[in-house]
Participant: 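This is the structure I want to talk about, given as structure tokens.
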Amino acid sequence: MELIDFTRAFPAWTPIGDPIMGGESESAFDASADGAAHFHGFLRPGPSGGFASVRSAPLRFDLAGCAGISLLVQSDGRRYKLSLRVSDDDGVQYQASFAPARGV
């Protein structure tokens, strides 16, 4: 089952980065004509570290009976983290780190 098809609908995504903590990193997330979503930006680590991320508006999926989630990504070789919440508040989250090879 495909959860998000960026050729049909691109929900509201908000870049969140270290400027909220005084940093200078930048990020963006947008859809392209080929149906892919692109996360891009500049990571500028400072004294408080550095991070760039993106968060979607709450999305609802019926994942009953599903054993997992897979992502199709092309990477710059850095480590990324996927976080999924079970509700709209800051309650339970499922997180997984991944570091695909560069260009994969």
Side-chain angles (χ1 to χ4, degrees):
M1 153 181 32
E2 187 173 86
L3 295 181
I4 300 173
D5 178 352
F6 293 107
T7 62
R8 289 184 288 178
F10 193 74
W13 295 83
T14 305
I16 299 171
D18 58 8
I20 63 174
M21 299 173 61
E24 298 178 355
S25 298
E26 302 171 14
S27 63
F29 195 65
D30 49 59
S32 65
D34 64 0
H38 298 270
F39 173 74
H40 51 94
F42 298 97
L43 189 60
R44 295 186 182 101
S48 300
F51 68 92
S53 64
V54 65
R55 179 181 294 170
S56 76
L59 303 170
R60 303 259 184 244
F61 301 109
D62 181 1
L63 301 178
C66 293
I69 294 174
S70 71
L71 304 173
L72 176 61
V73 300
Q74 186 173 13
S75 175
D76 59 2
R78 294 182 189 210
R79 178 166 299 281
Y80 290 87
K81 180 170 62 172
L82 174 68
S83 297
L84 302 172
R85 297 174 194 254
V86 298
S87 66
D88 293 349
D89 63 15
D90 287 338
V92 176
Q93 292 186 52
Y94 293 93
Q95 298 183 338
S97 293
F98 59 99
R102 183 181 192 94
V104 175

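This one's a predicted model, so the numbers in the text were calculated from it and none came from an experiment. For the numbers below, each heavy atom of this structure counts, side chains included, while hydrogens, waters and symmetry mates do not.
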Participant: Tell me if the CZ atom of Phe98 is crowded by more than 12 foreign heavy atoms within 6.0 Å.
Facilitator: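 Yes.
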
Participant: Determine, using the 4.5 Å side-chain heavy-atom cutoff (strictly less than), whether Phe51 and Phe42 are members of one ILVMFWY cluster.
Facilitator: no

Participant: Please name all residues satisfying salt bridge (Lys or Arg N to Asp or Glu O under 4.0 Å) with Glu24, sequence neighbours left out, ordered by chain then number.
Facilitator: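 Here no residue qualifies.
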
Participant: Minimum heavy-atom separation for Ser75 and Ala101, please, with both atom names.
Facilitator: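 So the minimum-distance heavy-atom pair works out to CB-O, 3.8 Å.
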
Participant: Where do Ser27 and Pro15 come nearest, in terms of heavy atoms and distance?
Facilitator: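 That closest heavy-atom pairing would be O-CB, 3.2 Å.
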
Participant: Measuring only between side-chain heavy atoms, which start at C-beta, is Ile4 closer than 4.5 Å to Leu59?
Facilitator: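 The answer is yes, as the side chains (C-beta and beyond) meet within the 4.5 Å cut-off.
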
Participant: List in chain and number order the residues that pass salt bridge (Lys or Arg N to Asp or Glu O under 4.0 Å) with Asp76, two or more places apart in sequence or in another chain; answer none if no residue qualifies.
Facilitator: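 Scan of Asp76 (salt bridge (Lys or Arg N to Asp or Glu O under 4.0 Å), adjacent residues dropped) gives Arg78.
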
Participant: Measure the acute angle between the ring planes of Phe39 and Phe29, then classify it against the limits of 30° and 60° as parallel, tilted or perpendicular.
Facilitator: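 The rings of Phe39 and Phe29 sit tilted, inter-plane angle from 30° to 60°.
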
Participant: Would you say the side-chain atoms of Ser25 pair up with the backbone N or O of Arg44, donor to acceptor, closer than 3.5 Å?
Facilitator: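 At least one qualifying donor-acceptor pair exists.
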
Participant: Linking I/L/V/M/F/W/Y whenever their side-chain heavy atoms sit closer than 4.5 Å, directly or via other members, would Leu43 and Tyr80 fall into one cluster?
Facilitator: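 No, because Leu43 and Tyr80 fall into different hydrophobic clusters, even though each may have its own neighbours under 4.5 Å.
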
Participant: Nearest heavy-atom pair of Arg79 and Ser97: which atoms, and what distance?
Facilitator: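 Looking at all heavy atoms of both residues, the closest pair is NH1-CB, 3.6 Å.
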
Participant: Without swapping roles, check the side chain of Ser53 against the backbone of Ile16 for a donor-acceptor pair under 3.5 Å.
Facilitator: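 At least one qualifying donor-acceptor pair exists.
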
Participant: Distance from Glu26 atom CD to Asp18 atom CG, nearest 0.5 Å?
Facilitator: 9.5 Å

